[in-house]
Amino acid sequence: MITVESYASINEAASAMGARATYMAGGTLVMRTLNYGEQTFERIVRTNDKTLKQISVHADRITLGAGLTMSDVLNARDLEFLAPVARSIGGPAVRNMATIGGNLFAAHPYGDFGVALLALDGQVQFADGSQEDMERFYATRNTQAALVSSISIARPSGSDFRYAKVSRVKPKGVSVLSMAAWLPIRAGRLAQPRIAFGAMAATPQRARNAEQALDGGALGPTEIQTAVGTLDRDYQPPDDALASSWYRTQVAPVHLRRLLADGGHA
Amino acid sequence: MAKTPVQFTLNDKETAVFVDGGANLLDVLRRVVGDLSPKYGCGQGTCGTCTVLIDGEPRLSCLTLAETVSDQSIETTGGLADGPDLHPLQRVFMEQFAAQCGYCTPGMLMAAKALLARNPNPQREDVIEAISGNICRCTGYEPIIDAILDAAGEMRGRVS
């Protein structure tokens, strides 16, 4: 038997977590587990804490409440650069339910929103006030006990953030892969660019070799060719029903080249 | 184990039920309330046939925790018709063979209703986007898209 516990604040919900408990935000992950009888929990902990819906915009960073839905992102003027990411996830009904925080826990090949946040130097902030780099977070998310309250990301300018999702079904399908790139330019040179792929590993993962190949250079054809040639060093993608590891390995450089060269038309 | 009382409006009718812990809205609508119009398809948010409108917005009832809809307004396909008069979307779907096996139809109708409430004059791309979370394995989608566009035109004519 499942019991549902609703709390007024994220801190109270965090305190209530413990053995046999799971936290539920939009429900798109937890409820499907329940529908299939695969749950390992007996308690569902939730909150309607409005602070989880907040968006705080600063000069060079933006903090996104973990409870923002994909539709909330689409409706937020300050988050226009994330609209293509939110729009690529599910249909309208899913987008009205699925939250940013929940997306961070979506298993392969889902979780495309997190790919964008990872490329944007995402820092996961927890209810207890602690903070963790998204790479570290992804490495430990399955054993994560703390509740995610918000995610802080870099605020890109102009067209220096790019995202594309590759799927077999149009207009919407599950990712063969998704990719995001944050390409800040200083004095005409790329300055610490960040590139992340989804569905190319068990969790979203940065393309560190490609980032290093681009850092300090121009975003020209030669640099792009060098960068995309490094992807097989960063990824050993999984096989699944959508694509084999071999296929993902073959097409990832093609799609990254398009993303870097012209913004991507996947 | 105690059940939880939940009150909501279903197709403009006050509804009060007791739900089991962890019950999804679709099960409550079908098994407790007796509204069989929303269908169970995949149970994981992929097919869209369980789509209902909650406070006017499309959501997947199979992934909605029933006890979270207290004091909210729920609309299902069962409330579309006005007595013997079908809703324009229902009638055009029927006349234009936009339903074949019919399993996706409840979700398609509710997704379309939400679209037309927000955008009475949609372009074809708007319709495709609006039903992008609803899977049909019979029609190839084209008759459904055409039907929604035609229903939109008819509904605009009514308003003017």
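Only heavy atoms go into these numbers, but all of them, side chains included; no hydrogens, no water, no symmetry mates. Lettering follows sequence order; numbering is per chain, from 1.
Within 6.0 Å of atom CZ in Arg168(A), more than 12 heavy atoms from other residues, nucleotides or ligands are found, so the atom counts as buried in its surroundings. Annotation for Glu80(A): atom CD does not count as buried by contact number, only 12 or fewer foreign heavy atoms lying within 6.0 Å. Counting non-hydrogen atoms of neighbouring residues, nucleotides and ligands closer than 6.0 angstrom, the OH atom of Tyr36(A) exceeds 12 such neighbours.
No side-chain heavy atom of Met31(A) sits less than 4.5 Å from a side-chain heavy atom of Leu60(B). A 4.5 Å side-chain heavy-atom check between Asp20(B) and Ile2(A) finds every atom pair outside the cut-off.
Residues of residues 100-109 of chain A lying under 4.5 angstrom from chain B, judged on non-hydrogen atoms, do not exist.
Heavy-atom pairs under 4.5 Å with chain A peak, among Glu57(B), Arg59(B), Glu125(B), Met110(B), at Arg59(B). Interface check for chain A: of the options Leu115(B), Thr4(B), Thr68(B), Asn134(B), the most heavy-atom pairs under 4.5 Å are formed by Thr68(B).
The list of side-chain hydrogen bond (donor to acceptor under 3.5 Å, both in side chains) pairs with a residue in residues 77-95 of chain B, not counting sequence neighbours, reads Arg91(B)-Glu154(B). The list of salt bridge (Lys or Arg N to Asp or Glu O under 4.0 Å) pairs with a residue in residues 62-80 of chain B, not counting sequence neighbours, reads Glu75(B)-Lys113(B).
To the nearest 0.5 Å, atoms OG1 (Thr33(A)) and CD (Gln44(B)) are separated by 10.0 Å. Going from atom CE of Met97(A) over to atom CG of Leu63(B) covers 5.0 Å, rounded to the nearest 0.5 Å.
Taking both residues in full, the closest heavy atoms of Asn24(B) and Asn35(A) are given as ND2-OD1, 3.0 Å, listed atom of the first, atom of the second, then distance. The shortest heavy-atom contact between Pro92(A) and Ser132(B) is CD-OG, 3.9 Å.
Contact annotation for Ala111(B): neither backbone nor side-chain heavy atoms come within less than 4.5 Å of a heavy atom of chain A.
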Result block: side-chain N/O donor-acceptor pairs under 3.5 angstrom for residues 26-34 of chain B, not counting sequence neighbours:
residue: Arg30(B); atom: NH1; partner: Leu36(B); partner atom: O; Å: 3.0
residue: Arg30(B); atom: NH1; partner: Pro38(B); partner atom: O; Å: 2.9

